Amino acid sequence: MEENSNFIKTIIKEDLESGKRNKVITRFPPEPNGYLHIGHAKSIIINFGLADEFNGTTNLRFDDTNPLKEDQEYVDSIKEDVKWLGYEWENLFYASNYFEEMYERAVLLIKKGKAYVDDLTQEQIREYRGTLTEPGKESPFRNRSIEENLNLFEQMRKGEFENGAKVLRAKIDMSSPNINLRDPVIYRVSHATHHNTGDTWCIYPMYAFAHPLEDAIEDVTHSLCTTEFEDQRPLYDWVVRECDMASTPQQIEFGRLNISNTVMSKRKLKQLVDEGFVDGWDDPRLPTISGLRRKGYTPEAIREFVIAAGVSKGSGTVDAQMLEHFVREDLKLKAPRTMGVLKPLKVVITNYPEDQVEWLDAEVNPENPEMGVRQIPFSREIYIEQEDFMEDPPKKYFRLFPGNEVRLKHAYFIKCEEFIKDEAGNVVELRCTYDPETKSGSGFTGRKVKGTLHWVDAKSALPAEFRLYEPLILESDEKNEEVIEGKTFLDYVNENSLEIVQGFIEPNMKDAKPQDKFQFFRHGYFNVDEKHTSKSKLVFNRSVSLKSSFKL
RNA sequence: UGGGCUAUAGCCAAGCGGUAAGGCAACGGACUUUGACUCCGUCAUGCGCAGGUUCAAAUCCUGCUAGCCCAGCCA
């Protein structure tokens, strides 16, 4: 969070200077009901980053107040993702461990005449709540005696009522223009097994009541959340105050992160997974932390991106290219260079000795010489990229075409003498000649060529699979113009978001392991896929392509 | 249309009464054994609109307009 200024940082700084606070404690409070995505990463980075900057601490707290939706599977994945992003929590907490205290605070509210048990059905409660423009009306059960409320609430806890039969409501103001203050439900009956507390409870607190208590219990100073909770802030403060909490956390809201060409809500992500548009929560096309990890994005890149995008109350959409920029930026000095041919075209170098193999020196990363040198074999038959040859090229095409000479990276100049087509008219083989004097590293300056191609030695190359990704969601003009009847985001899913090709890589890649990252020359950065890679074949996910100003 | 919030370049975003940071993208050019990287340069006489206060306004005031959020016993 170092360099950039933002409004939350300003608030914290002032709180510390004015003496309002003498420490900073934040928390990252996910509900364990799904996988984390890059929007959560923003929250993690803000909460941990800000606390860090002011020598404070951050807790990881599972906001597990709804047993119907939560599961241990999610708490495990969330812990893994937070760690992977590079953060260490001060404490690991569960909101469900505070259920007893929350219950006591609810009893306190009842005793103060600030809460009551309501028998209205769910539908009735909705009707009584009023609308955005009309005030609500009070429930006929609103003025029960404190004794009766106390008794009823205890019976709720004891399991004497069915799901939905009764709720506990805060008694605030049914005519408030802020709907959140129209006697919000703070406890509901739910006979369900909780992943942490088992069958101990059959009543569970609602977020609006539980969250401020959780923050206060943990002595959180700055409770940072997204803007959709802004309307809840008066209620948040009301709960802290009326429950006589010793600590007074302050809720501050920031704008959610949106990124172009993708979706960022658990609901939509789940839909894409459930309906088979992708192959799981960790599909590299998804903005989930596990998906980005599998795609080859790094924690550093994600962090730099989030920091660069900034923190404000606005709700804009950041260009996905900005994220990609930080991935390239981070991998530039880290990823070894290597050559891989995605769509092979055989080239026979006719004047090269039949059984000769040369081992050529190649720097592992020209921008980071410390990474050393590797050896690559070169012989009479190689593969180049199909798109690096054109029979009849346009102007300024400086790759291979009949009569043209190019450089083979780390090797020699070769000149295209002839090309062979199959009966369908596809070019299937090139016949070239090489010039021994032009060997890389020899200092040859006799003539220059405009193009440098990557290649692999045909005999020793290893087969490999490459998975190339395009944006999952297509941004359409329609989407921004008139609303098309019945269309949802699923209608904008890109059917060509995944392309799988079979190619070849340098033989020295044989020991690459899942999550190893490389830059394939002229193609981009790739990550060894952990799911599909087998003993017999490496599978690479393209993390991000290289920028290119080349256009045909 | 009740309430809350937000409007600064194509996108994100600083700025807090003293004369518009930065990043992404884009576009020129140099360099180049990655059409990459790097480097150099260009990119808001303008801060949603209209008024007002002031020597001075993106910053203060008034009035509009547009966008986002809220009517779960979800979080």
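First the proteins, then the strands, lettered A, B, ... as listed; each starts at 1. The shown structure was predicted, so the numbers you read here are calculated from the model rather than taken from an experiment.
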Look at the rings of A:Phe504 and A:Tyr383 and say which category their plane angle falls in: under 30° parallel, 30 to 60° tilted, over 60° perpendicular.
->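 Geometry flag for A:Tyr383 against A:Phe504: parallel rings.
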NA contact type, [X], heavy-atom cut-off 4.0 Å: base, sugar-phosphate, or nothing?
X        : result
A:Lys551 : nothing
A:Thr317 : sugar-phosphate
A:Ser312 : sugar-phosphate
A:Phe398 : base
A:Ser549 : sugar-phosphate

Is there a donor and acceptor pair closer than 3.5 Å between the side chain of [X] and the base of [N]?
X        : N     : value
A:Asp231 : B:G3  : yes
A:Glu367 : B:U38 : no
A:Ser315 : B:U6  : no
A:Arg399 : B:G35 : yes

Any side-chain N or O of A:Thr65 less than 4.0 Å from the OP1 or OP2 oxygen of B:A75?
->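 Yes, because at least one side-chain N or O of A:Thr65 sits under 4.0 Å from OP1 or OP2 of B:A75.
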Establish, yes or no, whether the cationic atom of A:Arg27 lies under 6.0 Å from the six-membered ring centre of A:Phe93 and within 45° of the ring axis.
->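 Not satisfied by the 6.0 Å and 45° rule.
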